[in-house]
Structures are given as structure tokens and as C-alpha cells.
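Presented below is the structure to which this report refers.
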There are 2 protein chains.
Amino acid sequence: MARVRIRLQAKLDVKLTAKAALDPGQIVQAALNLLDEVGLDGLTMRRLAEKLDIKAASLYWHVRDKDELIVLLADEICAAMQAPDPAMPWREQLQQFAEEYRRVLLSHRDAARVLAQSGPPSGESRLNLVEILLDVVLKAGFSPKDAAYAGFLMNDYVTTFVIEETRYVAPPKRQQPPDEATESWMDALPADKYPNIVALAPHWLNVNLDEQFHFGCEVIADGLERRLNR
Amino acid sequence: MARVRIRLQAKLDVKLTAKAALDPGQIVQAALNLLDEVGLDGLTMRRLAEKLDIKAASLYWHVRDKDELIVLLADEICAAMQAPDPAMPWREQLQQFAEEYRRVLLSHRDAARVLAQSGPPSGESRLNLVEILLDVVLKAGFSPKDAAYAGFLMNDYVTTFVIEETRYVAPPKRQQPPDEATESWMDALPADKYPNIVALAPHWLNVNLDEQFHFGCEVIADGLERRLNR
DNA sequence: ACCTGAACACCGTTCAAGT
DNA sequence: ACCTGAACACCGTTCAAGT
């Protein structure tokens, strides 16, 4: 009798208080939240487990590696990507793609670094993103090989740009005014040894990121167009 | 008497067997060797110390951080950089710069990643590298702002390209033939969902890296030239 | 001036064991 | 099927102490 009661009690415990088994979606969602809170360098298996009310070791039942987690994360980030209007001319589609891609990468902390770290595209959303990009360049009329090269070029341009532009947001320590620090560092440069750097320092500091991003897009699009007209 | 003898003995020990105090050059040189042996992920303060016959804690007398070490390393890598022939037309100088830069980055394991990780240029050699690049674009006739943007673009293109092209050399585990693995992975892709990726898969796999690198250089140079002629 | 011992506060990952 | 305890083999960094 006592035995039966104990068994029942255990079952009730399971139904009432035990957390339902995690599905993969919850894990990547928690990882994404954690990423936004602490950044890629703070994203830790142990911290993620804590966030899921679980022990770190348990994560390894759901996920092979931290690497695999990063891949999942990268895919989740890319899910927000929207295709450009296929009715537009290819140059504008490419431009639109680049802007949308940048927007997506800026929408989560360190997203661009996550993509860069997670190897070649493999998840559904990331493959879809690449598919969209290739669609634009193929329909523009590039040969398969040139389309592949152009796709790489454009993909790398956007991710690298965003990595650079977000590198110094939320510097880990000593929140000293960044432009002042950079300025004094620039002033210390010997102008006779690095005349060009010193001359261009103003553009180094007070950058208009949107403008700079657009510059690169335009240069690449112009270069691609030239190649097409041959 | 006994006391004097002991003192003398100690002095002899110092002269004969004690290692001379390290200079910074030895440290970065050892770090560079270690980098070539084990790659950036294996480059550890503890391992570096071991290589210098020292305890890890001692490194912090010579160097503030691991970050500072990485910066030193990046500068040492860039020391090999040679300027392009200033008599040539700017497009060829730019091309030459890019090829030389790539060569430098390929000459040490994970060199491109070291540069990417070590923040904005600060060391002498790295500043010199940037100075050379800016010289090319400024003399080509770009406005200061465009020259700054063009310099960023070119610098990021080369480093990112080399990071990508070296990402899968010396994969850490399971030395399974890479192209075979990639192929089977590609075959598993649903061709109706990702028709472009599947169609371009051959160019994804059997890449001619030199050709691909040249493609990007040409596209960027063409785009820059177009901007110049306005 | 330069180096060490010993510790601190972490990591990713494995694996036998629990339920 | 899913989770935990406990450990393993590491990290970067600090700091009092040695010489």
C-alpha cells in the first residue's frame, strides 16, 4: 500500500512539476537570447544550460557540439532574411539583397561573427539565403562559374563589413569614450612615416557606416556589371 | 669562508646556466613558431611559456594580455610585406598589392585570422602595410574619403578571402577525404528547393583559388575605376 | 628586473549512473 | 528518453613571494 502511494506520488511529480523535455527549437531560442545578452564570447554551454534550467552535460544529449549549436544559431538568424523583388533589375536586387542581409546581421548581437564561425552554409535558412543570392546573379546573366564567384564575393563582403562595424560596440572593459581614445592614438602617429594614414584619419574616425557600406556595394556591382558587358 | 664560497657558486650559476632575460623579439618569434605548429586555436599562453622554458605567469611580465600578444604577432606577420612598384599604373599596383598581401597571409598558419582578431592596425609593420595601400589609391586620384573606403574594401577582401581559403586546411579531427564528404553532402540537397546551389555545386567544390581570388580583385578594381571616371 | 607557486574562476566534453 | 554528478583536461590571469 505504501509502495503504491509512493509510485503515484512520483507520477504526479512528473506531470506537475517536471519540465517537459526540451525540443531543439527551445534550445536555439535560448541560445539566441543568451547571444543577445552576452555576445558570442560569453555564449557558453554552461550558461546556456543554466538558462534552460538544466546541467551543462545535459545539452550534449540534444546537440553534438558547441560547433553544432553555433550552426543552428546561424541558421536561426538567417531565417529572418527576405528575398528582393524579382521584378527589379539585377543591380537593384543585388543592392536590396545586401541591405537586407546587413539588416539581418545587425538584428542580433555578434550575428555576423556567428555566421563567420559556423562554416559553409548547411541549415535550411542559410541555404535559402545563398539560393536567393545565386538567383540574382544567375538571372543577371553570369556564367555558372562567375555566378559562384560573385556570390562568394558578395556574401563575404556583407558579413565582413558587419563584423567590422560591430567590432567595437560594447567594448568589454573600460568604457572610455572611443573616439577620443582613437583620436589620441591617431595623433601619436608620426606624420612623416605614415602621411596617408594621418591624412585620412578623419575618415577613419567619423565614418558614415551606411555610406561606407553603400560604397562597397556600388563598387562591387559596378565591377560585376563591367564583367557582364564583355 | 663557507659563506663566501656559496655566494660565488650562486653567481657562477647565474652566468653559466641561467637563461638570459627574454627580449620581446624572442617572444613573438616563439609565438610565430607555435602558431605555425598548432594554429591559432592551439596558441596558448601556457604552451607559449613552455616553449620559452618559462612558466605561464612569467609571460605577463613581458606582455599585458593575450590580446597584446596577438597584436604583436599580427605585426610580425606583416613585416614581410613588400610595396608594389610605384612606376606601374594604379590598377596593376593594386593587383600587385593584393597578391603580395595574400602571399604574406598564406606564409603563416592562420595568419589571416590573427590579423582579423587583432583589431585595427597599430603596429609599425601593419601601419606600413595600410600606408602602402592608401598610397596606391590616393595616387590613383581618389578623394580622401573614397580612398579610405577603397582601402577598407581591399584590405577586408584579401583578409577574408584568405581566411576562407585556409579554413579547411588541417581539419582538427577525422581526416576523411574532404571533397568526398562535401560531395555527398551536396548530393543530399533537395534540387527542387535549392536549384541554384545544386547547379553551381561543381564550382563550389573544385575551386581554383587563384582564379577566384583574381576574380574578386578584378571586380573591385573595375568598380573602383568606374568610380574614378565620373 | 625577472621569474615562480599557487590559486581563482572559468571552459568544453565525457561517462557512468540515475529516473 | 532524458537528465545529473563528478570528473578530466584544459584555459587566461593575478599576486604574493622568491632571487
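All values below come from the heavy atoms of this structure, side chains included, with hydrogens, waters and symmetry mates left out. All chains are named by letter (A, B, ...) in the order of the sequence lines, taking the proteins before the strands, and each is independently numbered beginning at 1.
Summarising the geometry, the separation between CG on B/Asp53 and C1' on C/dT4 is reported as 14 Å, rounded to the nearest angstrom. If you measure from atom CG of B/Asp41 to atom P of D/dC11, you get 12 Å, rounded to the nearest angstrom. For A/His62 and D/dC3, the NE2 to P distance is 4 Å, given to the nearest whole Å. Here the P atom of nucleotide D/dA6 and the CZ atom of A/Arg46 are 14 Å apart, to the nearest Å. Following rounding to the nearest Å, B/Leu22 (CG) and C/dT4 (C1') show an atom-to-atom distance of 14 Å. In this entry the distance linking CD of B/Gln117 with P of D/dG12 reads 12 Å, nearest Å. In this entry the distance linking CG of A/Leu43 with P of C/dG12 reads 8 Å, nearest Å. We find that OH of A/Tyr60 is positioned 4 Å from P of C/dT13, with the value rounded to whole Å.
For the pair A/Thr44 and C/dC11, the criterion of a side-chain N or O lying under 4.0 Å from OP1 or OP2 is met. Here A/Ser58 reaches the OP1 or OP2 of D/dT4: one of its side-chain N or O atoms lies under 4.0 Å away. Side-chain N/O atoms of B/Lys66 include one lying less than 4.0 angstrom from OP1 or OP2 on D/dG12.
In summary, of the residues considered (B/Val114, B/Val28, B/Leu72), a side chain to side chain contact (heavy atoms under 4.5 Å, CB included) with B/Ile77 occurs for B/Val114 alone.
Consecutive Watson-Crick or G-U pairs involving DNA chain D, each under 3.5 Å on both distances, make up stems of three or more pairs at C:4-8 with D:12-16, C:12-16 with D:4-8.
The OH atom of A/Tyr60 sits 8.5 Å away from atom NZ of A/Lys66, with the distance rounded to the nearest 0.5 Å. Once rounded to the nearest 0.5 Å, the distance linking CG of B/Leu69 with CG of B/Leu35 reads 10.5 Å.
Taking the side chain of B/Ala57 as heavy atoms from C-beta on, and the options D/dG5, D/dT13, D/dC15, the nearest nucleotide is D/dC15. Counting only heavy atoms from C-beta on, B/Asp65 has its side chain closest to D/dT13 among D/dT13, C/dC3, D/dC11.
The minimum heavy-atom distance between A/Leu52 and A/Leu22, with the atom names listed, is CD2-CD2, 4.0 Å. B/Asp41 and B/Arg113 make their closest contact through OD1-NH2, 2.9 Å (heavy atoms, listed as atom of the first residue, atom of the second, distance).
Taking atom P in both C/dA9 and D/dA9, one finds a spacing of 23 Å when rounded to whole Å.
By the neighbour-count criterion of 12 heavy atoms within 6.0 Å, atom NZ of B/Lys55 is sparsely surrounded, having that number or fewer from other residues, nucleotides or ligands.
Separation of the B/Phe213 and A/Phe152 ring centroids does not fall under the 6.0 Å cut-off.
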